[in-house]
Amino acid sequence: MIDLHLIGIGTGNPDHLTRAAEAAMRAADLILLPRKRADTADLYNLRRALCDAVLTPNTRVVAFDLPVRDAAAGYLTGVRAWHAAIADAWATQIATHLPGGGRLALLVWGDPSLYDSTLRIAARLRAGGLELRVTVVPGITSLQALTAAHAIPLNDLGAPVLITTGRQLATRGWPTDATTVAVMLDGEGAFAKLDPTDTQIWWSAYLGMPQQALLAGPLAETGPAILARRSELRADHGWIMDCYLLRRTPA
Ligand SMILES: C[S@@+](CC[C@H](N)C(=O)[O-])C[C@H]1O[C@@H](n2cnc3c(N)ncnc32)[C@H](O)[C@@H]1O
């Protein structure tokens, strides 16, 4: 039996690691750390630094190469094939390092519930016959870090919030009936395609990290400033992670 703990670690600020997260890391027999492309080495290094800060030498920490998603396949087809490849990579690590079962931990960026597929990959392994019990330790999400950094509420008074991706915003436009839209996974700046009338934006990159950047204001003026800033930052650091909240005054 594999006792899998998916531990939300927040978005880059080591002080956001909860006591429950630290306890779950210490209790693990094995922590697997995914290593991605060279341009995201900062994220690998951050997870490694958390392990160094929290663990005693009793916990085994093993890095493994995360398979690369085939961007040429259609989006969902590519993602499903990628998840299958990651499940295979986990299975190989488990067979190698925990052949008799035990407690395995994965350090999940932010929280495992929000735009993260670790739970779906665990379900694949279970469906494939691995005896697996899953426990989630919640973490601070990028949206919580975003609203905290700008000191704003997520929702308008009594109003709903729609959380979506840059891809969805770019293809479908402003969602019907929503006054607040939170956007993640936006590599292109989908906000630039919207009608900016009566719309405010609160944007941040590298939340919780020393290089954190914030911009906020009316979309008409702030949108172009964000596009310029994010391309400077991407050039400086080699990678960027950002998210934003848009709010439209109801007509
Ligand atoms: C795969 S999702 C993971 C979200 C994560 N599970 C969470 O709880 O926030 C990655 C997206 O989250 C957002 N994100 C995560 N960490 C961030 C950070 N430190 N600063 C800004 N945005 C971040 C970005 O929109 C990024 O494209």
Side-chain angles (χ1 to χ4, degrees), residues 5-18 20-21 33-37 39-47 49-50 66-69 71 75-76 78-80 82-83 86 105-122 134 136-152 154 161-170 180-192 201-216 226-227 229-234 236-246:
H5 287 246
L6 303 182
I7 305 173
I9 56 167
T11 57
N13 183 343
D15 289 341
H16 288 177
L17 203 64
T18 66
L33 294 185
R35 222 177 2 216
K36 297 192 195 173
R37 309 174 312 261
D39 62 353
T40 54
D42 286 5
L43 303 185
Y44 169 77
N45 291 338
L46 200 128
R47 284 186 173 95
L50 289 180
L66 200 68
V68 178
R69 178 159 70 86
Y75 178 68
L76 283 179
V79 168
R80 287 195 190 104
W82 184 47
H83 288 174
I86 297 174
L106 288 159
L107 307 184
V108 179
W109 199 252
D111 181 84
S113 67
L114 186 66
Y115 285 108
D116 185 276
S117 288
T118 314
L119 282 161
R120 278 180 276 272
I121 294 163
V134 178
V136 172
V137 180
I140 293 177
T141 66
S142 50
L143 292 184
Q144 289 167 292
L146 175 73
T147 52
H150 285 283
I152 52 164
L154 178 62
V161 173
L162 190 126
I163 302 173
T164 190
T165 63
R167 177 188 294 267
Q168 292 282 332
L169 188 68
T180 299
V181 182
V183 186
M184 309 176 63
L185 291 161
D186 183 359
E188 307 298 330
F191 53 81
I201 184 165
W202 291 265
W203 168 88
S204 183
Y206 315 102
L207 279 156
M209 302 180 206
Q211 66 269 45
Q212 176 173 295
L214 300 176
L215 281 172
I226 294 171
L227 290 178
R229 186 98 178 88
R230 78 202 306 250
S231 53
E232 279 167 22
L233 288 167
R234 202 197 293 266
D236 286 353
H237 300 288
W239 64 281
I240 190 164
M241 261 204 313
D242 61 350
C243 57
Y244 51 92
L245 201 75
L246 295 161

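As the structure lists them, so they are numbered: ligands from 1, and atoms in each ligand from 1. Along the sequence shown, residues are numbered consecutively beginning with 1.
- Contact annotation: the side chain of Leu215 never approaches that of Tyr244 to less than 4.5 Å [non-hydrogen atoms, C-beta and beyond].
- For the pair Leu185 and Arg167, the minimum side-chain heavy-atom distance is 4.5 Å or more.
- Taking every heavy atom of both residues into account, Gly187 and Arg230 meet most closely at O-NH1, 3.4 Å.
- By the 3.5 Å distance cut-off applied to N or O atoms, Asp116 is not counted among the residues near ligand 1.
- Looking at Leu207 next to ligand 1, an N or O pair under 3.5 Å apart turns up.
- Taking 4.0 Å as the cut-off, Met209 counts as a neighbour of ligand 1 on heavy-atom distance.
- Annotation: atom 12 (O) of ligand 1 to nearest protein heavy atom, Met184 CE, 3.3 Å.
- Protein heavy atom at the shortest distance from atom 4 (C) of ligand 1 is Leu114 O, 3.4 Å.
- Residues Ser204 and Ala213 come closest through the heavy atom pair OG-O, 2.8 Å.
- Here the heavy atom of the protein found nearest to atom 8 (O) of ligand 1 is Asp111 N, 2.9 Å.
- Among Ala205, Ala182, Ser142, Gly10, the residue whose heavy atom lies nearest to atom 23 (C) of ligand 1 is Ser142.
- Side-chain contact between Leu233 and Gln211 is absent, with no heavy atoms from C-beta onward closer than 4.5 Å.
- The protein non-hydrogen atom at the shortest distance from atom 16 (N) of ligand 1 is Trp109 NE1, 2.8 Å.
- Met241 O, 3.2 Å is the protein heavy atom nearest to atom 21 (C) of ligand 1.
- Annotation: Thr141 places no N or O atom under 3.5 Å from an N or O atom of ligand 1; distance criterion only.
- The proximity of Asp242 to ligand 1, defined as any non-hydrogen pair under 4.0 Å, is limited to the backbone.
- Among all protein heavy atoms, the one lying closest to atom 3 (C) of ligand 1 is Tyr115 O, 3.3 Å.
- Side-chain contact between Leu66 and Tyr44 is absent, with no heavy atoms from C-beta onward closer than 4.5 Å.
- On a distance-only criterion, Asp186 and ligand 1 share no N/O pair closer than 3.5 Å.
- Considering backbone and side-chain N/O atoms, Gly110 never comes within less than 3.5 Å of an N/O atom of ligand 1.
- A heavy-atom distance below 4.5 Å is found between the side chains of Tyr206 and Trp239.
- For atom 10 (C) of ligand 1, the nearest protein heavy atom (residue, atom name, distance) is Leu185 CD2, 3.9 Å.
- A donor-acceptor distance shorter than 3.5 angstrom exists from the side chain of Arg47 to the backbone of Leu107, with no hydrogens or angles considered.
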Are Asp242 and Trp203 close enough, and set up right, to give a side chain to side chain donor-acceptor pair (under 3.5 Å), and what steps lead you there?
CA-CA 7 Å; Asp242 61 350; Trp203 168 88; 2.8 Å; yes
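- Under the 4.5 Å side-chain criterion, counting only non-hydrogen atoms from C-beta, Asp111 is not in contact with Asp116.
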